[in-house]
Each structure stands twice: as structure tokens, then as C-alpha cells.
There are 2 protein chains.
Amino acid sequence: MLRAIGLRPTRQRLALGFMLFGKGDQHVTAEMLYEEAVKAKVPVSLATIYNTLHQFTDLGLLRQVAVDGSKTYFDTNVSEHPHFFIESENDLVDIPHSEGMVDQRPTPPEGYEVVRVDVVVRLRRKSR
Amino acid sequence: MLRAIGLRPTRQRLALGFMLFGKGDQHVTAEMLYEEAVKAKVPVSLATIYNTLHQFTDLGLLRQVAVDGSKTYFDTNVSEHPHFFIESENDLVDIPHSEGMVDQRPTPPEGYEVVRVDVVVRLRRKSR
DNA sequence: ATTTGTGCAAATCGTTTGCATCTGA
DNA sequence: TCAGATGCAAACGATTTGCACAAAT
């Protein structure tokens, strides 16, 4: 598969590929993936994690989600869909569809095209 | 007005308040506001800009918009509305409403409440 | 006189970059 | 062999923080 998209199947790319796509849809940050790799004793550097995430994204295997200022999230589900972001836990999850939110692409202004649409519903644990 | 919301009307807060709310809706980053202040010869530090932006946000005068990794944008229009983000120019603009996009609040999961909904349509200049 | 705000510089955090070294075809 | 990948450490940019000084009430 890596070969198919023009990337050398190296140890680290293979390992990261399995971690990302081997267990259903998930949302990861560079740091999270790095931790997981360390735990799994996969020798890989943070720099390589970033390289890989971006390469995968450019090749359409991952999708970036703009959540907020700091961390960048990558979604293994590349289809267009909205997210819940639970602020207290820094957790990003898909919104089960049909949960309201008709999500129609707006017409872009003359001369521009839509790159992607980010819909993030930010949640907080209810106090009372 | 500052007094009304419980903030001392200091020189810099007054100046920043005018810059923010004195000319219709706009979208600013800390850096942009700082530049504007410097140009207008308003003596203010970046730290104070950040303090002020956050205080105003907490008090509901501004609204934060999650655009992407780096810069944080603040919108003087605090109502819930979607945005276009023009990647090449780093420009954030309101989407003229009725442009499609039915924007219905989804039902949050048990025990959570919606803090805010960010809808960002990312645009790129059309190539051909 | 007290409390609150401001400015500076240093510290932090996620991410990127330069470059020497390694590795897969 | 050798282009492409990796790893390290330094560089970066936006934001935050600690603390001395200044300004509102």
C-alpha cells in the first residue's frame, strides 16, 4: 500500500501505518502517536512522526482537523464529517451522523475553491 | 462599558476597546491588534494584548475561532456563524448567511453541554 | 493605601529545520 | 550505489508566566 502511493515501506512507516489504520477510525496528535510507538517499542523519532503524518495527509490517507490553537489532530477517517471536541479531556470524537447538523457545502466566492470544511462542536462537562 | 463588566477602564483597555469595536465586525489575531496599536501610537505590550483579548473573551465581548494550528483568531461578532478561511492569505471572513449550510446544533452526549460550534470552510485560490 | 493592571524578559509548548548518518531498492 | 529516510538537537513562532513597577479607585 505504501508502495502504491509512492513511499518506501520503511520500518517506521510500516509500524506507524499499522498503528494508525490497524484498528478502526481514530483521532491522533503527533504526541499521542509518538507515545504509542514508544510503548510498542517501535524506534521512531518525533521528527519522523511529523514527517509521516504530513506525508500521509498529503497523500489523502489522513485528514487534518483544526481543533484549536495548540495541538494538531489527524483523523484516519478522511470523509467529511463533524466532530465533538471535549475540552476538559482534549478528546476528539466523530459526531454520530443524523444527530442534527445538516452539513451542506457553501458556495465559495468567485475564484476560490473549498479545500475542506471543519465543523467542531466544543463540549464541556455539564456542571450540575 | 468596561466598568459595567467589571474591568477598570485603563488607557490600554480603552484604546484596544475602540480599535476592536469602533469599526464594525472584524477578525483579529493578537499580533494584528498589536501592530495596529503600535501604528496608532498606543503604548501597549503584547502581554497586555493577550490579557485583554482573553478577558474580553471571557466576558463575552469577543468570540474565539479555531482556525488551525498556529494563530488564534478573535471575532468581534459574538453570534454563532460560520467562516471562510482563505489559506493563502491567512484571512478569516464571515460567510454571508443563507449561503447554504444549514447550521443546526447537534445534541450533545449525556452529561455534556455545547460550549460553541466552530464551522470553518477552508478556501484556496482556484488554480485554472 | 490597596488593589488591579502593565511591561519586560524568560520560559513553555508544539512544530519545523538543518544536517550528518543510515537504509531500502 | 545512492536517492530517500531518519534522528538529533537547535531553531522557531505563538502564547504564557513571574515578578517588579505603575496606575486606578
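This structure is a prediction, so every number in the text was calculated from the model and none was measured. To find a chain, count down the sequence lines: A is the first, B the second, and so on, and within it residues start at 1.
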Check: A:V115 and B:L123 side chains under 4.5 Å, non-hydrogen atoms: no
Dot-bracket notation for DNA chain C is requested: 5' to 3', Watson-Crick or G-U wobble pairs only, both distances under 3.5 Å, with ( ), [ ], | and . as defined. ||||||||||.|||.||||||||||
Any pair counted as side-chain hydrogen bond (donor to acceptor under 3.5 Å, both in side chains), so long as it reaches residues 7-16 of chain B, sequence neighbours left out: B:R13-B:Q55
Do any N or O atoms from the side chain of A:D94 and from the backbone of A:P96 form a donor-acceptor pair under 3.5 angstrom? no
Compare all side-chain heavy atoms of A:F74 with those of A:T29 and state whether any distance is below 4.5 angstrom. no
Going 5' to 3' along nucleotides 10-25 of chain C, which nucleotides have protein heavy atoms under 4.0 Å from the base (write B), which only from the sugar-phosphate (write S), and which from neither (write -)? ----SBBB-----BBS
Could you tabulate the donor-acceptor pairs under 3.5 Å formed by side-chain atoms of residues 33-45 of chain A, not counting sequence neighbours?
| residue | atom | partner | partner atom | Å |
| --- | --- | --- | --- | --- |
| A:E36 | OE2 | A:K23 | NZ | 2.6 |
| A:S45 | OG | A:T48 | N | 3.3 |
| A:S45 | OG | A:T48 | OG1 | 3.2 |

Please enumerate all residues that pass ring pair (Phe, Tyr, Trp, His ring centres under 6.0 Å) together with B:H83, with sequence neighbours excluded. B:H27, B:H81
A:R116 side chain to A:Q64 backbone, donor-acceptor under 3.5 Å: yes
I'd like to know if the side chain of A:D118 and the backbone of A:A66 have a donor-acceptor N/O pair within less than 3.5 Å. yes
Is it true that A:R125 and A:E89 have a side-chain N and a carboxylate O under 4.0 angstrom from each other? yes
Extract, from 5' to 3' on DNA chain D, the first and final nucleotides lying under 4.0 angstrom from some heavy atom of chain B. D:dA14 to D:dT25
Any side-chain to backbone donor/acceptor pair from B:Q26 onto B:L20? Under 3.5 Å, distance only. yes
